[in-house]
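First comes the structure, then the notes that go with it.
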There are 2 protein chains.
Amino acid sequence: MSKAAQRAYTAIRDSILSGEYEPGTHLTESDLAKFIGVSRTPVHDALLHLKADGLVDMQRNQGARVKSYSDRDIDELYELRAYLEGYGTEMAATYRKDSDIEALENLAIEMETLGDAESTEELYELSRLNSEFHKIIVDASESELLKTLLSNLVEMPLEVLKKRTWSGRLNRQRSNEQHRDIIEALKQRDPKWARAVMYGHLISNRPLPEAD
Amino acid sequence: MSKAAQRAYTAIRDSILSGEYEPGTHLTESDLAKFIGVSRTPVHDALLHLKADGLVDMQRNQGARVKSYSDRDIDELYELRAYLEGYGTEMAATYRKDSDIEALENLAIEMETLGDAESTEELYELSRLNSEFHKIIVDASESELLKTLLSNLVEMPLEVLKKRTWSGRLNRQRSNEQHRDIIEALKQRDPKWARAVMYGHLISNRPLPEAD
DNA sequence: TTGGAATATTTTGTATACAATAATTAATAC
DNA sequence: GTATTAATTATTGTATACAAAATATTCCAA
């Protein structure tokens with residue numbers, strides 16, 4: 001993607017993910033163009049890209065609106081992510097290299113070290129390490145298609161789902177133990193175990209909708 | 001999508017799927033625009049759409065090329081389709097309505113009637129009925145996300161994979177019996193059976209690469 | 001007031017002109 | 001004759017102008 005279009009894309013995307021542009025908001029091309037400092041053309045390209053990402057809806061002659069996801073949609077998304085990443089982990093058990101195991105073990109240690117972290121920076125670092133952990137495994141599946149499918153699924157929920165909270169459900173020690181199980185399954189090249197434990201890991205740690 | 005852009009999209013898409021534009025071919029915007037009879041703008045939009053579909057690759061300042069898929073890529077695609085549609089069928093076993101069963105049974109009968117068809121039209125009709133069969137089931141899963149994921153996966157292979165042949169592997173009677181099994185599993189609302197038989201159906205009937 | 005038609009405004013879709021980058025060809029040195 | 005560099009061409013990226021469509025407003029009548 002080219003300079004201006006890329007700039008427009010990340011600018012709009014960030015504003016959506018941060019919640020600045022709420023679901024349902026109409027995104028006027030000329031306004032965005034003026035604000036970002038480019039012409040309408042790259043803004044239009046950016047909106048098409050965001051549509052492909054599933055972050056906006058576009059209707060004929062009515063432009064783009066920030067897409068809104070129902071609780072049900074988000075449940076589906078987490079379930080599908082768990083299902084697909086389970087599959088990826090099964091593949092990874094076959095194709096993983098020793099260097100992958102090494103990298104995963106280092107990440108596991110780092111995450112365990114941050115076990116009782118509370119500060120925002122530390123929590124952000126924890127999240128980053130966790131993403132890296134999952135990325136290594138999906139990459140090890142050696143399925144390009146799966147990688148693209150999952151990257152589309154995984155990116156969004158992280159931010160769109162600010163509405164959801166883990167509200168105490170997230171047990172970090174349990175999560176760390178599951179990481180160790182995943183590593184062990186991959187180490188032993190046990191596809192079924194790997195799949196089951198990854199699926200369980202993702203399902204058990206998923207955030208639930210507020211029960212208001 | 002708007003008139004001109006839609007026209008450009010279908011025109012280019014058809015040319016790719018029919019094989020007229022071979023993998024690797026560079027798609028020049030101005031040439032396409034002149035040929036289709038619109039300006040470059042809707043052609044550019046169409047190319048972005050096709051990129052999202054996975055039918056073309058785009059590199060910065062180098063425009064679009066028809067994407068080429070390796071045998072390995074296509075294997076992955078079939079495997080993932082089977083895996084996801086298995087999941088969808090599992091869901092469908094829970095959410096299916098009686099009218100779905102009825103529609104599936106009617107389609108099964110029609111396909112069985114065309115059992116020993118040979119003519120091109122009849123084979124095309126058979127393919128259409130089969131697509132309809134699978135669509136009803138995925139729709140019955142009531143997962144919007146799954147529907148969009150699968151529609152992106154399923155559309156392409158049908159045509160891109162002209163290179164592949166079933167070369168006698170496709171046993172129509174077996175396929176029809178599997179259809180009956182799928183219907184029965186859905187009728188009895190047996191999710192695991194439904195998933196297993198759909199997965200087996202898709203895997204056993206998938207075309208394999210030429211063993212040249 | 002309220003409803004609806006006509007008008008005006010806004011916004012998107014399309015075409016085209018220009019700028020920036022990549023690809024190609026020509027020219028030069030060795 | 002070949003390789004490397006410079007000049008040229010082609011192609012994409014961006015901006016802007018115009019057309020078409022949708023939305024909002026005004027005006028008038030009941």
Side-chain angles (χ1 to χ4, degrees), chain A residues 1-69 148, chain B residues 1-69 148:
Chain A
M1 221 174 186
S2 45
K3 264 181 305 196
Q6 179 65 46
R7 209 145 66 83
Y9 173 73
T10 54
I12 300 167
R13 187 171 191 277
D14 288 350
S15 295
I16 293 175
L17 293 181
S18 76
E20 186 184 345
Y21 298 151
E22 289 180 21
T25 308
H26 180 90
L27 300 173
T28 307
E29 291 184 359
S30 42
D31 290 354
L32 290 170
K34 203 187 301 178
F35 183 71
I36 299 169
V38 297
S39 81
R40 272 182 57 210
T41 311
V43 169
H44 184 71
D45 284 8
L47 290 175
L48 288 176
H49 192 166
L50 290 165
K51 180 190 170 198
D53 288 349
L55 285 176
V56 307
D57 269 332
M58 292 184 86
Q59 297 236 330
R60 186 173 179 130
N61 289 322
Q62 294 177 195
R65 287 184 180 282
V66 179
K67 197 162 171 178
S68 57
Y69 286 92
T148 61
Chain B
M1 221 174 187
S2 46
K3 264 182 303 198
Q6 180 64 46
R7 209 146 63 83
Y9 173 72
T10 54
I12 300 168
R13 186 171 191 277
D14 289 350
S15 295
I16 293 175
L17 293 180
S18 75
E20 186 185 343
Y21 299 149
E22 290 180 19
T25 309
H26 180 89
L27 300 173
T28 307
E29 292 184 0
S30 42
D31 290 354
L32 290 169
K34 203 186 303 178
F35 183 72
I36 298 168
V38 296
S39 81
R40 272 181 57 210
T41 311
V43 169
H44 185 71
D45 284 8
L47 290 175
L48 288 177
H49 193 165
L50 290 164
K51 180 191 170 195
D53 288 349
L55 285 176
V56 307
D57 269 331
M58 292 184 86
Q59 297 237 327
R60 187 170 179 133
N61 290 320
Q62 293 176 204
R65 286 183 180 283
V66 179
K67 197 161 169 178
S68 57
Y69 286 92
T148 60

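Everything numeric here is computed off the predicted structure, so don't read it as measured data.
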Side-chain contact test, heavy atoms from C-beta onward, threshold under 4.5 Å: evaluate it for [X] versus [Y] and give yes or no.
X     : Y     : result
A:V56 : A:K67 : no
A:D45 : B:H44 : yes
B:R13 : B:L55 : yes

Does B:Q62 make a side-chain N or O approach to OP1 or OP2 of C:dA23 shorter than 4.0 Å?
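Looking at the OP1 and OP2 atoms of C:dA23, one of them is under 4.0 Å from a side-chain N or O of B:Q62.
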Any B:S39 side-chain N or O less than 4.0 Å from OP1/OP2 of C:dA15:
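Looking at the OP1 and OP2 atoms of C:dA15, one of them is under 4.0 Å from a side-chain N or O of B:S39.
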Is the side chain of B:T28 donor-acceptor paired with the backbone N or O of B:S30 at a distance under 3.5 Å, no angle test?
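Checking the backbone N and O of B:S30 against the side chain of B:T28, no donor-acceptor pair under 3.5 Å is found.
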Rounded off to whole Å, could you give me the [atom1]-to-[atom2] distance for the [X] and [N] pair?
X     : N      : atom1 : atom2 : answer
A:D45 : D:dG13 : CG    : P     : 8 Å
B:K3  : D:dA21 : NZ    : P     : 5 Å
B:M58 : D:dT12 : CE    : P     : 8 Å
A:R40 : C:dT14 : CZ    : C1'   : 10 Å
A:N61 : D:dA24 : CG    : P     : 15 Å
A:R65 : D:dT23 : CZ    : C1'   : 11 Å
B:H44 : C:dT14 : NE2   : P     : 14 Å
A:R60 : D:dT23 : CZ    : P     : 14 Å

Interface residues of residues 24-38 of chain A with DNA chain C (non-hydrogen, below 4.0 angstrom)
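Heavy-atom cutoff 4.0 Å gives A:H26, A:L27, A:T28, A:E29.
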Output the distance between atom NZ (A:K51) and atom NE2 (A:H49), rounded to the nearest 0.5 Å.
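The NZ atom of A:K51 sits 13.0 Å away from the NE2 atom of A:H49.
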Distance alone, cut at 3.5 Å: any donor-acceptor contact between the side chains of A:D14 and A:Y21?
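No, because no side-chain N or O of A:D14 sits under 3.5 Å from a partner of the opposite role on A:Y21.
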